[in-house]
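It should be emphasised that the depicted structure is a prediction, and the values quoted were computed from it without experimental measurement. A note on names: the letters A, B, ... follow the listed sequences, proteins ahead of strands, and every chain is numbered from 1.
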Amino acid sequence: MEGLSEAVKEVFVRLYEEGLIYRGKRLVNWDPKLHTAVSDLEVLNEEEYGHMWHMRYPLSNGKGHLVVATTRPETLLGDCAVAVNPHDERYKHLIGELLELPLTKRRIPIIADEEHVDPEFGTGCVKITPAHDFNDYAVWQRHRDELSISEQIHGGLINIFTIDAAIRDNDEGEDEVIPSAYIGMDRYHARKQMVADLEAQGLLEKVDDHKLMVPRGDRSGVVIEPYLTDQWYVKVGPLAKPAIEAVETGRIRFVPDNWKNTYYEWMRNIQDWCISRQIWWGHRIPAWYDEEGNVYVGRSEAEVRERHDLAADYPLRQDEDVLDTWFSSALWPFSTLGWPEESERLRDFYPTSVLVTGFDIIFFWVARMIMMGLKFMDDVPFHEVYVHGLVRDSHGHKMSKSKGNVLDPIDLIDGITLEDLVQKRTSGMMQPQLANKINQLTRKEFADGIPSFGTDSLRFTFAALAATGRDIKFDLGRIEGYRNFCNKLWNASRYVMMNVEGQDCGVGAPTTGHSEPVAELERSLADRWILSRLQKTKRAVAEAFESYRFDHAAQAIYEFTWNEYCDWYLELCKPVLNDDNASEAAKRGTRRTLVRVLENLLRLAHPIMPFITEEIWQRAAPLAGVEGETIMNRPFPTLRQSLVDEAAETEMAWVMQFILGIRKIKGEMNIAPAKPVPVYLANASDDDKLLAQKHRHFLDFLARTESIEVLAPDDHGPESATALVGEMKVLIPLAGLIDKDAEIKRLDRIGKKLGNPNFVDKAPEAVVQKERDKQAEARKALESLQAQLAKIKSLQGGDPASPPNA
RNA sequence: AGGCGCGUAGCUCAGUUGGUUAGAGCGCUACCUUGACAUGGUAGAGGUCGUUGGUUCGACUCCAAUCGCGCCUACCA
């Protein structure tokens, strides 16, 4: 974009003029495959297995040799010295002596460097190759005077490589610094050859296995070579200082907070940033050279000529290099808004409120945006940085093409067959030899391919898994669960529509805001309860979003929808809506609540499941009295304090406990849930009695109670299974639970079996005994049944205080 | 080497400033083709919260040590 280009040039020129951009010949990370310099951040260090070669460097005085250990024997060609620690008693006396550098005709001195040489490590002698090692370069800088004194030795800084990291030829007039035998060899070929040659000359003492960190280019994957070239740099120190302060003072806040430590750590140890790249795409560096090598920096060639008073025909050549992509990215927060022009958009939208990103981008981008923003806008680019985790595979491994464990979101949304998935994962690979393994692993993990889960399921899953400060192990089980949740919401909506469409929901014609009831309506306990729960869910979701806890938001929505709205409220609607005796006002109240809670819920869930909510909302909104073309333009639901109803919640908790108690007994006693049972209440308070009567229709419907009787204070009732509702005991007489006829039948069957001589004689004794035991058990059960029946009968005879049976 | 984080049910994860009996989903067991939903319903089993010690009336939570794992940064030639 032209505008961005202007911004880049402007920034470059201003920084250059302030001395914060400079050009220099220094060691850079060189990618020999891409032929470009890369920044420290683009180099990945990984531990690999290699060797440590111990090489003998003979002393020029003929009195023996020193042994130097190295992981890179080929760099011997560029050695300018061997360093020892000045306090190392073994070598102290040799400092200043000369060594015959093997395979070359050069001599190099033994120097003392306390900082770099650890006497404990290796042999205590370090070969110094200043043009191909960052530490050695530092040593060279410290000793450059003493190294260039002697005529006998090379001044140092010998570059031995071409841009392909092959051994270079000697330059013109150079007296065979590079031995002709190795010229043109690739670095690894040269290594092999030189090690062989050293060995042949008896100069290789030993080779050890050695683990080392190998720097590789994050794009090319090849080993990065420290290489001496001219590059452009940003002097970052002065920019970093205010950027650190911005976080220290809280003008920028990291979420989670810990990431500020990572940020500080890097910013406080920041190195100058190499921004020039030898590639053909990117922003051209706005610098021009004349034939004498003078540099002119400016916004354009014309500006350069004018400023420096250069004639139109004075030959100028623009720098071939381009800028690191992150240089222009660093300007993004303001360059996209029209900077350097003082546009209206820039005024309105800078700074923004939040940047959402992964931790791997904090150095690359976040830190640099902060630095540039403060420098050129005099303000932070954003106030909060939300750092989310990385999505990993189900085993916690980082997804990568070479591992073949990449899950493409589109495949989770639309689904993919096993064959297509295998094909996708094994095609176009950098290392085709891995294809077979990937093939096998994929077939094992996704034997049936991946089913289609849909966009909303995926989005909801990511929200639900987005706990702060934690990476996400992507688990198909989770997305499946949330796919089911989407389905649940869909089905619940169908039910609501079924009961509400074409019916009077008490909202009249849709208006833009809160429609008021047009007819009398009455809210049941369930209605008041769900409205109250909705308000609390709104609060929970709002708080969760506020604090970037998307997992909590998703959970609150999930629980409200499934466990409260579907499991309870939809069920509690049924006895009202299906009851011919229920008043029209009550039905209207329930319908209205049903659809308006749904409409609120849809808006609440919309940010996390945009498609399904929109689809349902289109139908539900008019019924709820809400107007609008799309849910996207409706406000996010806010808490309505007037609908919070603690009394309803307490009362409803009583009803739920009552129902759950009875269901639990039925479950444990293996009674069919649909079987109506008689229920007795012991130790019931006046409130309990009242509630039992008031909500009898709910209890009958959801717990399938046949009758509910209140026992006198001193009556413990028949032998029963019990459940507690507060202080009150809910009793289901065992007699009512056991099917007497079935029991008698069972007894008959056993009796027949035992009466059969064939069975008793021929079956193993153990089996026969088992039947006898069963028989005894069944008899006992029947007897106690009879006793209980008698007791119940006497009980039902009189208790005038109990509420009437329905 | 330094820094950050993790270890809670078979699996993937919550657990808010320390407070009764530690939760969810998936999986598992039993029962249920009830009328929004079997991509479902009801009920249930399953955890000495990595280990040890300490603070406290009380610790998954705070402190110390230790084991295991992951990541980041720097680096030993």
Quiz item: Which nucleotide in the list B:rC75, B:rA77, B:rU39 gets nearest to the side chain of A:Met52?
Solution: B:rA77

Quiz item: B:rG53 pairs with which nucleotide, Watson-Crick or G-U wobble, both distances below 3.5 Å?
Solution: B:rC63

Practice problem: For this output row, return yes or no: ring centroids of A:Phe460 and A:Phe485 closer than 6.0 angstrom. | Solution: yes

Practice problem: Compare the minimum distances between each of B:rC72, B:rG25, B:rC37 and the side chain of A:Phe359, then state the nucleotide with the smallest one. | Solution: B:rC72

Quiz item: Starting at CZ of A:Phe121 and ending at C1' of B:rA1, how long is that distance when rounded to a whole Å?
Solution: 13 Å

Quiz item: Going by an N to O cut-off under 4.0 Å, is there a salt bridge joining A:Glu248 and A:Arg268?
Solution: yes

Quiz item: Is A:Lys574 near enough to B:rA36 that one of its side-chain N or O atoms lies under 4.0 angstrom from OP1 or OP2?
Solution: yes

Self-check item: Proximal nucleotide (of B:rC37, B:rG15, B:rU39) relative to the A:His552 side chain
Solution: B:rG15

Quiz item: What nucleotide, of B:rC37, B:rU42, B:rG41, holds the atom closest to the side chain of A:Arg494?
Solution: B:rC37

Quiz item: Can you find a pair of side-chain heavy atoms, one from A:Arg392 and one from A:Met399, that are under 4.5 Å apart?
Solution: no

Practice problem: Check whether the ring centres of A:Phe474 and A:Phe462 lie less than 6.0 Å apart, and answer yes or no. | Solution: yes

Quiz item: Does OP1 or OP2 of B:rG5 have a side-chain N or O of A:Asn258 closer than 4.0 Å?
Solution: yes

Practice problem: Tell me whether the OP1 or OP2 atom of B:rU12 has a side-chain N or O from A:Lys473 closer than 4.0 Å. | Solution: yes

Quiz prompt | Exceeds 12 heavy-atom contacts within 6.0 angstrom, atom CD of A:Glu727 | solution = no

Quiz item: What is the pairing partner of B:rC31, taking Watson-Crick or G-U wobble pairs with both distances under 3.5 Å in any strand?
Solution: B:rG41

Quiz item: Should A:His210 be listed as having a side-chain N or O under 4.0 Å from OP1 or OP2 of B:rC76?
Solution: no

Exercise. Can you figure out which of B:rA14, B:rC71, B:rC37 approaches the side chain of A:Gln555 most closely?
Key: B:rA14

Quiz item: Out of B:rA36, B:rA77, B:rA43, which nucleotide sits closest to the side chain of A:Thr71?
Solution: B:rA77

Exercise. Would you mind telling me which of B:rA24, B:rA36, B:rC4 lies closest to the side-chain atoms of A:Asn261?
Key: B:rC4

Exercise. Any strand is fair game: report the nucleotide pairing with B:rC69 by Watson-Crick or G-U wobble, both distances under 3.5 Å, or none.
Key: B:rG5

Exercise. Answer yes or no: side-chain N or O of A:Arg478 and base N or O of B:rU12 forming a donor-acceptor pair under 3.5 Å.
Key: yes

Self-check item: Paired nucleotide for B:rA24 [Watson-Crick or G-U wobble; both distances under 3.5 Å]
Solution: B:rU12

Quiz item: Can you tell which of B:rC72, B:rA14, B:rA24 lies closest to the side chain of A:Phe363?
Solution: B:rC72

